[in-house]
Amino acid sequence: DDKCSKDAMETLRYQQMKVFLKPANNQKNLARLHFLIHLCKLNSPFLHVFQSEKPKIHVLYLECIGLINSYMNIICKPNKVVADGTTLSQLNFKDFSLLLQLSSCFFGSGAEKEMLMLEGDKKEHIRHEFRSALIKTIQYLVSHFPIKDRFLRDLSYLDPDMRVSDKFVKCLVRAADHTGRFPDTEQQDLSVQLHAVKTLRNVRPYDEKTDQLDLFWMDICEKVEKVIGQRPESLLKFIKIVCSLPHSNGFLERGFSDLKRLITGRETLSLESTNAQKKILDFIRLSGGTTKVEVTLKMIEDVKQASLKK
């Protein structure tokens, strides 16, 4: 926590804001800056997940709930923080039995340190301000996040480790029905194949950081085929459909940003050259960065040939 705050305070943007506020020596403003840094730290994991190009539709529901809960943990009593979207949508923040005592709320180490330098009334006022801001943020997220969407909640059972749950088959068959792509006979086949998935004993744990959902499920389908003696067509169809669902528009916005950087100040750049450079950027990103791109002899030869064509 302290390291993240320190790193954020070393950025140029923070220094510029601090210079702007310093002449007034306003301790409240410094506390507000540190509070915002703390909130940014809470948001970062959520944003990181949904900027991924990997299939992440199965974590959308849980990540939305998780972000709301991370805010609630600051101002709410532990027994009032719930992981069910329907229950969250019914919370009434005018009921003070839901909230911690103001003095028990932790608004981040940086903000707390700055507030120690404030007098009693000023400290009380800014703590009220922070709590009110968090309540409004939570209410906004609850009203805009799809936390009551049963389809997304059912898709959370796509996590291969959820196959031990009693709801695993029921929720995924219901999700398949929701797509409108599976007649009754295919839903029955899917149910049989998902039950076969539950019986598998040689499936390693799924690692959200290193594994890719669609590829992991392809391996599971191969194991199911050996168990039932035929290709699990309904299961394969379901996995292909749900893994193609977009979990955010981050990849679209990234594409527009890449294109803007490529063509700005280069109006004479041909469409062919633009497409080629965009493909290179995509390949570098897919590889994990320029340092992880494997430079092959064929790649070097292709570059030489491209230079000769000029």
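Atoms CG and CZ, from L102 and F96 in turn, are 10.0 Å apart once rounded to the nearest 0.5 Å. In this structure, CG on D159 lies 6.5 Å from CD on E208, to the nearest 0.5 angstrom.
Taking 4.5 Å as the limit, every side-chain heavy atom of V203 sits out of range of all side-chain heavy atoms of V197. Residues E114 and F35 fail the side-chain proximity criterion, which asks for heavy atoms closer than 4.5 Å. A 4.5 Å side-chain heavy-atom check between N92 and L98 finds every atom pair outside the cut-off. Contact annotation: the side chain of M72 never approaches that of L134 to less than 4.5 Å [non-hydrogen atoms, C-beta and beyond]. Counting only heavy atoms from C-beta outward, the side chains of M115 and F107 approach each other to under 4.5 Å. Side-chain atoms of L235 and L190, non-hydrogen and from C-beta on, do get closer than 4.5 Å to each other. In this structure, C105 and F130 have side chains that are not in contact, with every pair of non-hydrogen atoms separated by 4.5 Å or more. Contact of the L158 side chain with the W217 side chain is registered, since non-hydrogen atoms from C-beta on lie closer than 4.5 Å.
For the residue pair E112 / H38, no side-chain donor-acceptor distance below 3.5 Å is found, with atom types taken as modelled.
Taking the centre and axis of the six-membered ring of F182, the NZ or CZ atom of K237 falls inside the cone set by 45° and 6.0 Å.
A salt bridge is defined here as a Lys NZ or Arg NE, NH1 or NH2 lying under 4.0 Å from an Asp or Glu carboxylate O, and R181 with E186 fails to meet this definition. Look at R204 and D211 and you find a salt bridge, because one of the NZ, NE, NH1 or NH2 atoms lies within 4.0 Å of a carboxylate O, short of that distance.
A side-chain donor-acceptor contact under 3.5 Å links D161 to the backbone of Y206. Using a distance-only test at 3.5 Å, with no hydrogens or angles considered, no donor-acceptor pair links the side chain of S191 to the main chain of Q187. Listed for the K113 side chain is no donor-acceptor partner under 3.5 Å among the backbone atoms of G108. A distance-only check finds no donor-acceptor pair linking the side chain of K80 to the backbone of L99 [under 3.5 Å]. With hydrogens and angles ignored, the 3.5 Å screen pairs a side-chain donor or acceptor of N69 with a backbone N or O of V82. At distances below 3.5 Å, at least one donor-acceptor pair connects side-chain atoms of Y61 with backbone N or O atoms of G85.
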Identify each donor-acceptor pair in which a side-chain atom of residues 142-154 lies under 3.5 Å from a protein atom, sequence neighbours left out, and give them as a table.
from : atom 1 : to   : atom 2 : distance (Å)
S143 : OG     : Q139 : O      : 3.2
S143 : OG     : Y140 : O      : 2.8
H144 : ND1    : Y140 : O      : 3.0
D149 : OD1    : F151 : N      : 2.9
D149 : OD1    : L152 : N      : 3.1
D154 : OD1    : R174 : NH2    : 2.8
D154 : OD2    : R174 : NE     : 2.8

Task: side-chain contact (heavy atoms from CB on, under 4.5 Å) between I74 and L42, worked out - done: CA-CA 11 Å; I74 299 175; L42 295 179; 3.8 Å; yes
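Residues meeting the side chain to side chain contact (heavy atoms under 4.5 Å, CB included) test with S273, sequence neighbours left out: L269, S270, Q277.
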